[in-house]
Amino acid sequence: MTISIPSNAYACSCVEPKSVQDELSRSGAVFSGRVIEVKEERTNGFLSNTVLFEISEIWKGGSESQIIIRTGGGGGDCGIQFKKGEDYLVYAKSSSMYGDREELVTIICDRTSVLAQAAEDLTILGEGKAPTEQVDHSRELNSISSDIWMTALGIVLIVLVAFLVGRRVRKK
């Protein structure tokens with residue numbers, strides 16, 4: 001006889017897709033751009049991707065030439081599998097679903113899509129504006145990963161110091 005213990009399961013389920021106007025109004029940023037880099041991260045046991053875009057056109061949000069977006073790692077968690085070098089139309093909203101802080105997030109339930117498949121959205125959105133502020137967020141993207149390593153290193157050092165102090169106290 002086999003006993004199985006149920007475990008938590010998380011799946012993505014999207015309701016009827018929102019209209020372009022609804023998605024535009026609920027999003028904090030709407031832009032088209034090319035994926036420069038995708039970084040995989042594990043936060044609180046969940047896999048997510050941080051994606052750096054070079055923006056070509058903006059309909060809503062800031063005026064910077066680059067932006068960082070978070071999404072799930074895929075496999076039922078609503079994440080979008082962005083591909084480096086591919087152009088996308090992105091609808092993103094502020095959320096803390098992938099960590100402790102608010103950041104721009106997009107999932108498969110949003111209207112985010114490969115730019116070549118977004119003709120209907122682009123017609124409705126009309127002409128966007130070009131970014132006016134040139135920035136380079138690649139260091140910020142790389143520092144996100146280094147923050148995780150620095151935290152892990154800090155924990156290892158604390159454990160090592162506690163171990164050495166414990167040994168010293170036992171010797172006395």
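Note: hydrogens, waters and symmetry copies are ignored here, and every other heavy atom, side chains too, is used.
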Evaluation steps, side chain to side chain contact (heavy atoms under 4.5 Å, CB included), between Leu89 and Thr112: CA-CA 6 Å; Leu89 174 62; Thr112 296; over 6 Å; no
Okay, side chain of [X], backbone of [Y]: is any donor-acceptor separation there less than 3.5 Å?
| X | Y | value |
| --- | --- | --- |
| Trp59 | Gly126 | yes |
| Ser56 | Ser32 | yes |
| Glu37 | Phe53 | no |
| Thr71 | Thr106 | yes |
| Lys60 | Leu24 | yes |
| Glu64 | Val135 | no |
| Glu57 | Gly128 | yes |

[Y] side chain reached by [X] side chain, heavy atoms, under 4.5 Å:
| X | Y | value |
| --- | --- | --- |
| Asp136 | Gln66 | yes |
| Ile58 | Val30 | no |
| Ser65 | Glu54 | yes |
| Ile80 | Val51 | no |

Which heavy atom of [X] sits nearest a heavy atom of [Y], and at what distance?
| X | Y | value |
| --- | --- | --- |
| Leu52 | Ser138 | CD2-CA, 3.8 Å |
| Val90 | Phe82 | CG2-CE2, 4.5 Å |
| Met97 | Val105 | SD-CG1, 3.5 Å |
| Ile69 | Ala92 | CD1-CB, 3.7 Å |

Step-by-step side chain to side chain contact (heavy atoms under 4.5 Å, CB included) determination, Val35 to Lys83: CA-CA 7 Å; Val35 173; Lys83 292 184 177 88; over 6 Å; no
Sidechain N-carboxylate O distance under 4.0 Å for Arg70, Glu103: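 Between Glu103 and Arg70 there is a salt bridge, with a charged N closer than 4.0 Å to a carboxylate O.
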Glu127 atom CD, over 12 foreign heavy atoms within 6.0 Å: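 Result for CD/Glu127: open.
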CA sep, side-chain torsions, deciding dist, call: Lys39, Asn49, side chain to side chain contact (heavy atoms under 4.5 Å, CB included): CA-CA 5 Å; Lys39 282 234 174 220; Asn49 289 319; over 6 Å; no
Worked verdict on Leu122 versus Leu115 for side chain to side chain contact (heavy atoms under 4.5 Å, CB included): CA-CA 9 Å; Leu122 293 171; Leu115 191 61; 3.9 Å; yes
No-hydrogen, no-angle side-chain donor-acceptor test under 3.5 Å, Glu41 and Ser48: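 No, no side-chain donor-acceptor pair sits under 3.5 Å.
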Full working for disulfide bond (SG atoms under 2.5 Å apart) between Cys14 and Cys78: CA-CA 9 Å; Cys14 304; Cys78 298; 5.5 Å; no
By side chain to side chain contact (heavy atoms under 4.5 Å, CB included) - contacts of Glu23 (at least two apart):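 Applying side chain to side chain contact (heavy atoms under 4.5 Å, CB included) to Glu23 gives Lys18, Arg26, Ser27, Tyr91, Asp110, Arg111.
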Results of side chain to side chain contact (heavy atoms under 4.5 Å, CB included) for Gln117 - residues two or more places apart only: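 Gln117 satisfies side chain to side chain contact (heavy atoms under 4.5 Å, CB included) with Val114 only.
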